[in-house]
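Okay, so here's the structure we're looking at.
Just so it is clear, the structure is predicted and the values come from calculations on it, not from any experiment. As a basis for the values below, the full set of heavy atoms in this structure was taken, side chains included, without hydrogen atoms, waters or symmetry mates. Below, chains carry the letters A, B, ... as their sequence lines are ordered, and counting in each starts from 1.
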Amino acid sequence: ACGQAGGDPANPDKLVMGFVPSQDSDKIADTVKPLADKLSEELGVEVEGRVMTNYSALIEAMGSNQVHIGFIPAFGYVLANDKHGVEVILKSERHGEDTYRAQYVVRADSGIKSLKDLKGKTWAFADTNSTSGYLFPASQLMDEFKVKDVQAEFFGEAVQAGGHDNALITVYEGDADVATTFEDARDTLEQDYPDVKKKLKVIDYTDPIPNDTISVTKDLDKELVEKIRQAFLGFNDDKEMVNIMNEVYNWDAIREAKDEDYTIVRDTYKKFEDSIDIDGN
Amino acid sequence: MIQFQDVSLVYPNGTQGLKNVNLKIEEGEFIVVVGLSGAGKSTLIRSINRLVTPTDGQLLVDGENIIPFKGKQLRQLRTKVGIIFQNYNLVKRSTVMKNVISGRLGHTGTLRSVFHLYSKEDVTLAYESLKRVNIEEKVYQRADQLSGGQQQRVSIARVLTQQPSIILADEPVASLDPPTSHQVMSYLKKINREDKITTLVNLHYIDMAMEYADRIIGMRAGEVVYDGPASQVTEKTFEEIYGRPIRDEDKRGGEVQHA
Amino acid sequence: MIQFQDVSLVYPNGTQGLKNVNLKIEEGEFIVVVGLSGAGKSTLIRSINRLVTPTDGQLLVDGENIIPFKGKQLRQLRTKVGIIFQNYNLVKRSTVMKNVISGRLGHTGTLRSVFHLYSKEDVTLAYESLKRVNIEEKVYQRADQLSGGQQQRVSIARVLTQQPSIILADEPVASLDPPTSHQVMSYLKKINREDKITTLVNLHYIDMAMEYADRIIGMRAGEVVYDGPASQVTEKTFEEIYGRPIRDEDKRGGEVQHA
Amino acid sequence: MTIPKPKRSWRQIVIRWVIAIAVVALYVWVFTGIDVKWERVLSERTINNLDRVIPQMLSPDFSAFGKVMEKMMETLFIAYTGTLMASILAVPIAFLAASNMVKNRWLRNLGSGILSGIRTFPELLLALIFVAAVGPNPFAGVLAIAINSIGMLGKLYAEAIEAIEMNVVEAMSANGANKIQTLFYGIIPQIIPQFLSYAIYRFEIDVRASTILGIIGAGGIGTLITIAVANRNWSEIGMILLVIVVVVVLIDYLSAFIRKRIV
Amino acid sequence: MPKIASVPSSESFSGNVISGREKKRITLIFAVVVGLYIWSSMETESTITDLIEGLPHVFNMVGQLFPPNWDYVSQVWPKLVETIQMAVIATTIAAILCIPVSLLAARNVTTIPWLYHTAKLFLNALRTIPDIILAVVFVGIFGIGVFSGILALIIFSFGILTKLISETIESIDPQPLEAIRASGGNAIQTIVYAVIPQVLPQFCSLSLYVFEINIRASVVLGFVGAGGIGLLLQQQIGFLRYPNVMTLIIVIFFVVLAIEYISGKIRERLV
Ligand SMILES: Nc1ncnc2c1ncn2[C@@H]1O[C@H](COP(=O)(O)OP(=O)(O)OP(=O)(O)O)[C@@H](O)[C@H]1O
Ligand SMILES: Nc1ncnc2c1ncn2[C@@H]1O[C@H](COP(=O)(O)OP(=O)(O)OP(=O)(O)O)[C@@H](O)[C@H]1O
Ligand SMILES: [Mg+2]
Ligand SMILES: [Mg+2]
């Protein structure tokens, strides 16, 4: 990379922190200001936070050192690491876990009991870029039923719904038989559809998926990266910050992370590289 | 018969368009209204088919006071009174036929007219009218492909198709060159004679007024200042109407054959 | 002095605009060019300031053959030769002053003109020119707020501001009504007399030609078929030029004073 | 009396029929091809949804007013900066694409090619590129808006230039004016009102367009929209909608007022 | 607000090319425009140096779009067809709905002030709603799928089209209207005989213009599950597969080009 707005890519005058709210979270924040302010205080460098609701721009901006710290979901991290050498330093912890699972949801009265009953049925998912909504469940089905293309060979029909909530509603309303979402996306809907938990049941889960990452650009000075890591880990002991993280991002704590933690995501993605262009209908 | 009884018209902005006008116009007359710009010629003419509404007095057309007319009554009045405009007011993109047949709208039901379901007679009448102004060969041409004089003839044909008992013409020749002006005036005169249609024409040029009119009405500042047969009109009369000596430019022809 | 020596002009599409034209025009003459539509009047006039380029012969303006002129030389020629158009060709949305001062563009540097930095004299000259055509009170009005005759007077003022030694006018009165036409012609004549500016005017109407011209040039099919003083012109002459008997519509005035 | 029938050549009749058949075929193709799930659309669920969504939208969440307004202002700034940049940058390209200004056909095709190319480029992709170039901030949005608007403004400008009175240009060169003087005295006065009025019109469009850019971090109200949607927060969407509608309608009246005075 | 145009009176000659009043006016407008620009570029952190430094990245990203992946075209086809079908339906319905409403919103046809103003206000408000919100709301009500997308497009294009058409109607030659009224025609006859013939060519070409806008707008709809080619665009951007994205852009480009060509032909025939 060449000369950047923030000055030296290794030690920028201002750290920019890009935040993609995880689609796999039941609540999405529109500001990262308290977090940025706190970080700035700890590091002694100006920190600016920006929320984007789509990770593509974040990945590219990290590639050009316009953004230095990225809160990226697992799959986005894999892409960013492959393309721009972005490095994961931390990951989030929710409900005491540093992983989560995707779930298969069907109507309670549908008679579907296990994954093999799904054959030939209509599948609703958020979008093909979603780790829990598409990549992991599809990969699981590919392995379990020895098919190459889940949409074409396993399911009868597939619907790209645009969001996890929409995928669930599609099943709730009978337009699809099964939805794959993060665990337990039904919470989002309870306000609008009070009986959602009664009408929709979970029949199975996927393997654990590593939680969202905090990643940095490859050009960032190693010492600075270490300071950032320590600063974030320090938040775990700060009651106020724990509260903020929990309220706003559903995070309970921040944990150390290595690239290897995401190998499983990378492997899963590799399976799709050739077939993922299939459209979602 | 048209009768103005003490008719006045004040425009919303306070301009006095007509002031205590008293006139009696018999059937079949050919009247030319002259006067300076702003004298109220258009206002006079246009009040007869109620494109403007007098604010005072009574205006009788065939014995009925038309000033309070509204809605259906008004449309009936307008069906009876045809008007020809300075700028022809044709729908440029429609054919000559469509423009001419639109003269029958007042006689035709809305639905029929929307779907162009005219009776054989109406269509024949429209074509006859075009023939009378010698422009029948342009019947399916678009109006914007005609010259100014031809367009004015089409607009006369439109009025003829309307079969009115009164024709009004508001400076029908102002946008035409002198030879064409004379042609158009001749057609109006011819129709007036043949069909006995009462005709009122506004003109700017006194020489034309004298040539075609049976009777001349002179206006100044909203008032009728002269009213008499064309034969009795002299330069003096015009000087009275215009409030100043006649100049060359008051004649359509301007100064000619000096050399 | 303007001299046409065997000048011909063939348009790219093959039309012969001028054919072996030989003319000698002295300083201060007032010449009217007449001829039927398509006779080549505009072509003749416009070749003098090279809006069109003759394809053959020599065209001398003040002793120099202007046919090969290009770039700077051409702009200098045009600075010296003013032209007035039928449709005035004013920038409608600009003020009268801006239009008139644009006559000085040829005398003013690009930068100065872009920022409206004219010398005191230029501005005064522009204003004087407006005064000469009696329209100075409209100096900051927009051109589109003026009547046709007023616009043509502004365009004369623009040419005057140019201080040309030759004025060309291509049917300057064709879009005007007769009285205004006479007014505009009078202004042109007045300027010709006062400033001794050689003036060439195209006209369609023979009565006007006879009234104002010192000398009349008649054209037919690109050729000069008549050239002589206006006083010697008769109806016969025009019949020669037009190749047919004179009709009423060949006169601006049309048929007048019949009544 | 016989009235002549309108003359129509065989060619015309055939063309008419071909067009008629083509149009009918188009609609048959469209309506049989499209996959609308009528039984879903016309079901009771739709009514339930209406019941669920509409009342919430109609009771906007006024507690969100502050943050929505702040983002709306940012949106306005993005739109203004971007539109102004575009309205200036579009001028040279428009001259290049105007048939009465550039005689060379290839140059002209280049000009109009650039303009149609720009118009097809999705603004979201533009924003993505500029976020990578200048970082995730409103400036990226400004640039995306600016480039995107050049396409439409350039086209409208070029049409305005093509409609000017060329005889005025001729009159200028007959005065001995050079090309630049002709531009300033003959051409610019004729096109300025349209240019201004198009730029203002485009500003209104850009206010709407920049609402979308927030999705990828290029500033503006789009972030709020996406997040409110993902949270199914209909009353906040109601608030956002209210702010957008009121602000843009106000701009609309203001710009109509300005436009009336300049034309 | 600066008082921009006032009726230029015959102001006395000041000895300048530009009258004093005009000079003040121009200076004021210039100051306002530039002042607003400076303010807004500070607010948006617009700095040219950032742009210049970022330019290599722009070229780098654009470079990644090439060469387009032609193999991908085969997968674009079904969604493209869907997009076109959505746009045809939406444009047709919007064009039909627009006729009565644009007459209501035309000052010279609707002479009842309150009716005209209400119609105008309604349309102005309608037009401000961003297409993405329309899509979101309709998806919320009617579920995902083309129906919601079509509805969003109808409303969206109806707003634009009605504005354009009503402005066209307002600019027609008023004289034929007067003539039809003067010969006893009622309101509907006046519209059919004097208004429609005058606006027909613009009506067609504006409808095609809106069709083109609809094709482009459906790119946005895909983001919220409302169908069309936008779905693919979003997918491919998500996987950072820029050559595929370029393929999509080129396909859309050709569709738009084809529409422009057709609309040019139609305009030629009608005008
Ligand atoms: N709609 C209107 N509102 C207000 N004043 C009007 C209106 N129409 C005409 N006037 C004024 O009424 C007076 C008479 O106008 P009218 O048009 O009848 O004159 P005219 O004799 O036809 O003039 P011209 O020869 O110029 O057509 C004029 O002073 C004119 O300015
Ligand atoms: N640019 C051009 N290209 C080709 N032919 C032209 C061009 N301009 C004029 N002509 C032709 O040259 C001939 C002379 O035209 P010119 O305009 O000089 O006639 P004119 O006497 O001015 O006619 P009018 O009275 O109609 O203006 C005509 O046959 C005309 O068609
Ligand atoms: Mg009048
Ligand atoms: Mg000529």
Side-chain angles (χ1 to χ4, degrees), chain B residues 45-46 48-52 69 71-95 98-116 142-144 151 154-155 158-164 167-170 175, chain E residues 6-7 96 99-100 102-104 106-113 115-116 164-165 167-208 263 265-271:
Chain B
I45 289 258
R46 294 157 77 92
I48 297 173
N49 78 338
R50 280 284 314 285
L51 285 175
V52 295
F69 275 15
K72 189 147 184 156
Q73 262 185 319
L74 190 58
R75 282 204 296 280
Q76 268 163 0
L77 167 74
R78 287 176 175 172
T79 308
K80 190 159 71 179
V81 183
I83 182 162
I84 296 166
F85 301 88
Q86 173 179 343
N87 297 313
Y88 336 130
N89 295 15
L90 300 181
V91 182
K92 296 253 166 58
R93 289 182 28 81
S94 293
T95 59
K98 237 177 166 179
N99 270 293
V100 172
I101 201 93
S102 78
R104 300 248 22 107
L105 287 178
H107 302 268
T108 314
T110 308
L111 261 188
R112 292 178 66 101
S113 63
V114 165
F115 294 103
H116 298 295
R142 268 169 50 159
D144 54 7
Q151 290 194 36
V154 172
S155 94
R158 175 172 62 188
V159 163
L160 288 179
T161 313
Q162 200 179 325
Q163 296 190 304
I167 289 182
L168 311 172
D170 193 0
S175 2
Chain E
S6 51
V7 184
I96 293 168
I99 296 169
S102 53
L103 286 167
L104 275 185
R107 195 192 295 271
N108 52 347
V109 177
T110 303
T111 39
I112 308 164
L115 193 59
Y116 157 80
L164 294 173
I165 303 275
E167 277 171 5
T168 309
I169 295 175
E170 281 178 350
S171 69
I172 61 170
D173 183 359
Q175 293 174 334
L177 272 100
E178 188 176 43
I180 301 285
R181 283 192 192 125
S183 61
N186 60 27
I188 291 174
Q189 289 172 328
T190 310
I191 289 168
V192 172
Y193 278 77
V195 178
I196 290 180
Q198 291 196 62
V199 298
L200 196 62
Q202 274 101 326
F203 178 77
C204 291
S205 80
L206 290 174
S207 299
L208 281 159
S263 95
K265 282 278 163 223
I266 292 180
R267 227 171 310 178
E268 249 167 55
R269 285 183 64 90
L270 278 174
V271 175

Item to complete: Among B:Asp144, B:Thr110, B:Leu168, single out the residue with the greatest number of heavy-atom pairs under 4.5 Å to chain E.
Response: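 Sorted descending by pairs with chain E, the first entry is B:Thr110.
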Worksheet item: With chain E, which of B:Gly106, B:Pro164, B:Ser113 has the greatest number of heavy-atom pairs at distances under 4.5 Å?
Response: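 It is B:Ser113.
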Please round to the nearest 0.5 Å and tell me the distance separating atom [atom1] of [X] and atom [atom2] of [Y].
{"X": "B:Ser94", "Y": "E:Tyr193", "atom1": "OG", "atom2": "OH", "answer": "9.0 Å"}
{"X": "B:Leu90", "Y": "E:Asp173", "atom1": "CG", "atom2": "CG", "answer": "9.5 Å"}
{"X": "B:Asn89", "Y": "E:Arg181", "atom1": "CG", "atom2": "CZ", "answer": "12.0 Å"}
{"X": "B:Arg158", "Y": "E:Ile180", "atom1": "CZ", "atom2": "CD1", "answer": "6.0 Å"}
{"X": "E:Gln175", "Y": "B:Lys92", "atom1": "CD", "atom2": "NZ", "answer": "7.5 Å"}
{"X": "B:Leu111", "Y": "E:Ile188", "atom1": "CG", "atom2": "CD1", "answer": "8.0 Å"}

Examine whether an atom of [X] lies under 4.5 Å from a heavy atom of chain E, and if so say whether it belongs to the side chain, the backbone or both; otherwise answer neither.
{"X": "B:Val159", "value": "neither"}
{"X": "B:Asn87", "value": "both"}
{"X": "B:Arg50", "value": "neither"}

Discussion item. Taking the side chain as everything from C-beta on, heavy atoms only, tell me whether E:Gln189 gets closer than 4.5 Å to B:Arg75.
Written reply: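 Result no, sub-4.5 Å side-chain heavy-atom pair not found.
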Fill in: Side chain / backbone / both / neither for E:Asn186 at chain B, heavy atoms under 4.5 Å
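When you check distances to chain B, atoms from both the backbone and side chain of E:Asn186 fall under 4.5 Å.
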Practice prompt. Looking only at non-hydrogen atoms, find the nearest pair between E:Ala182 and B:Phe85 and report the distance.
Written response: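 Closest approach of E:Ala182 to B:Phe85: CB-CZ, 4.2 Å.
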Practice prompt. Might you point out which heavy atoms bring E:Ala194 and B:Val91 nearest each other, and give the distance in Å?
Written response: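 For E:Ala194 and B:Val91, the tightest heavy-atom pair comes out as CA-CG2, 4.0 Å.
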Item to complete: Find the one option among E:Gly185, E:Gly184, E:Pro174 whose heavy-atom pairs under 4.5 Å with chain B are most numerous.
Response: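 Heavy-atom pairs under 4.5 Å are most numerous for E:Gly184.
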Practice prompt. Taking atom types as modelled, find out whether E:Ser183 and B:Gln162 have a side-chain donor-acceptor pair closer than 3.5 angstrom.
Written response: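 No donor-acceptor contact under 3.5 Å links the two side chains.
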